[in-house]
Amino acid sequence: MLTHDREKLDAAAARLAELLGDILSRNQELQKESARVRAEIMADLRPVIESTPVEDRGAILSYLVVRMQEIFDRQGSPKVGFSSGCAGAEGGGVRVTEDGAYAGACVTGSVSGGPTGGGIEGGFTY
C-alpha cells in the first residue's frame with residue numbers, strides 16, 4: 001500500500017464505521033420496537049404452515065408475495081418479490097424494493113420440518 005493512500009483509507013474507514021454504527025443503532029431500535037408485531041406474524045404463520053401438507057407449503061409464500069404486492073400497489077410503487085435463504089439458514093421470504101432501498105422478512109426452517117425462526121433485513125444501495 002502506498003503511504004499517500006493511508007490517509008484516504010483512514011478517512012474512508014472512519015466514515016464507514018460511523019455509517020455502519022448508525023445503521024446498527026437504528027436496527028437495534030427497530031428490533032425492540034417491532035418485537036410484538038414480529039411475534040404476531042409468526043403466530044399467524046406457524047399454524048398455517050404446520051397445517052398445510054408439505055407438498056403445498058410453497059404456495060403459502062407465493063400467496064404472501066402476491067397479496068403484499070396488492071397492498072403495496074395501493075401505497076405507491078414498491079416491488080415485492082421472493083428471497084431465498086434466511087439469516088444464513090435454510091428458508092425463504094419476501095423482499096420489498098423501492099428506489100435502491102430494500103426490506104425483507106423471512107422464515108427459517110425447511111418445507112418438511114416447518115418454521116424454526118425468522119429474520120428481518122433492510123438496506124440500500126449507493
Side-chain angles (χ1 to χ4, degrees):
M1 176 172 60
L2 300 175
T3 306
H4 68 277
D5 291 336
R6 185 176 219 123
E7 187 176 310
K8 289 181 181 183
L9 292 173
D10 288 347
R15 288 183 183 104
L16 184 57
E18 181 180 354
L19 175 63
L20 295 180
D22 185 39
I23 291 170
L24 181 60
S25 176
R26 291 177 189 204
N27 282 347
Q28 288 170 329
E29 278 181 41
L30 182 60
Q31 181 184 27
K32 290 175 188 171
E33 293 171 2
S34 68
R36 180 188 57 77
V37 173
R38 290 182 289 115
E40 290 171 353
I41 291 166
M42 281 304 290
D44 290 339
L45 289 176
R46 189 176 301 277
V48 174
I49 293 169
E50 291 174 350
S51 68
T52 301
V54 172
E55 63 273 9
D56 296 333
R57 289 181 178 173
I60 296 170
L61 183 55
S62 296
Y63 176 84
L64 290 173
V65 167
V66 169
R67 185 65 185 111
M68 287 178 61
Q69 185 65 64
E70 291 170 353
I71 292 166
F72 277 109
D73 282 347
R74 285 183 257 146
Q75 299 174 3
S77 61
K79 298 297 177 215
V80 180
F82 297 97
S83 65
S84 60
C86 179
E90 186 177 347
V94 296
R95 181 178 251 205
V96 181
T97 58
E98 182 177 38
D99 297 332
Y102 66 89
C106 59
V107 174
T108 57
S110 66
V111 173
S112 60
T116 58
I120 303 290
E121 66 168 346
F124 50 90
T125 57
Y126 69 99

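Because only heavy atoms are used, hydrogens play no part in the values below, and waters and symmetry mates are left out as well, while side chains stay in.
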Could you tell me which residues satisfy side-chain contact (heavy atoms from CB on, under 4.5 Å) with [X], sequence neighbours excluded, listed by chain and number?
{"X": "Ser34", "value": "Leu30, Arg38"}
{"X": "Ile41", "value": "Val37, Leu45"}
{"X": "Arg46", "value": "Met42, Glu50, Pro115"}
{"X": "Leu16", "value": "Leu20"}

Residue pairs involving [range] (criterion salt bridge (charged side-chain N to carboxylate O under 4.0 Å, His left out); sequence neighbours excluded):
{"range": "residues 96-118", "result": "none"}
{"range": "residues 74-84", "result": "none"}
{"range": "residues 101-113", "result": "none"}

Considering all heavy atoms, the nearest [X]-[Y] contact:
{"X": "Asp44", "Y": "Val48", "result": "O-CG2, 3.5 Å"}
{"X": "Phe124", "Y": "Tyr102", "result": "N-CE2, 3.6 Å"}
{"X": "Pro47", "Y": "Ala43", "result": "CD-O, 3.0 Å"}
{"X": "Ser83", "Y": "Ala105", "result": "OG-O, 4.5 Å"}

Side chain to side chain contact (heavy atoms under 4.5 Å, CB included) between Val54 and Arg57, worked out
CA-CA 5 Å; Val54 172; Arg57 289 181 178 173; 4.2 Å; yes
For Val66, the rest of its hydrophobic cluster, which grows through side-chain links under 4.5 angstrom
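None; Val66 is a cluster of one.
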Please write out which residues are connected to Val94 in a hydrophobic cluster, directly or through intermediates, given that two of Ile, Leu, Val, Met, Phe, Trp, Tyr count as joined at side-chain heavy-atom separations below 4.5 angstrom.
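Direct or chained contacts put Val94 with Leu61, Val65, Met68, Phe72, Val80, Phe82, Val96.
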Just by distance, with hydrogens left out, do Asp73 and Gln69 show a side-chain donor and acceptor under 3.5 Å apart?
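There is such a pair (donor and acceptor under 3.5 Å, judged by atom type) between the side chains of Asp73 and Gln69.
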Using the test salt bridge (charged side-chain N to carboxylate O under 4.0 Å, His left out), find all partners of Glu18 that sit at least two apart in sequence or belong to another chain.
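In terms of salt bridge (charged side-chain N to carboxylate O under 4.0 Å, His left out), with neighbours along the sequence ignored, Glu18 is linked to no residue.
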Salt bridge (charged side-chain N to carboxylate O under 4.0 Å, His left out) partners for Arg95, two or more places apart:
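With neighbours one apart ignored, the set is Glu121.
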Any link between Val107 and Ile120 through a network of hydrophobic side chains (Ile, Leu, Val, Met, Phe, Trp, Tyr) touching at under 4.5 Å?
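No, Val107 and Ile120 fall in different hydrophobic clusters.
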Kindly compute the distance separating CZ (Arg67) from CD1 (Ile71), expressed to the nearest 0.5 Å.
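Arg67 CZ to Ile71 CD1: 4.5 Å, rounded to 0.5 Å.
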Please indicate whether Glu7 has more than 12 foreign heavy atoms, meaning atoms of other residues, nucleotides or ligands, lying under 6.0 Å from its CD.
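Result for CD/Glu7: open.
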With sequence neighbours excluded, tell me which residues meet side-chain hydrogen bond (donor to acceptor under 3.5 Å, both in side chains) with Asp22.
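Listed in chain order: Arg26.
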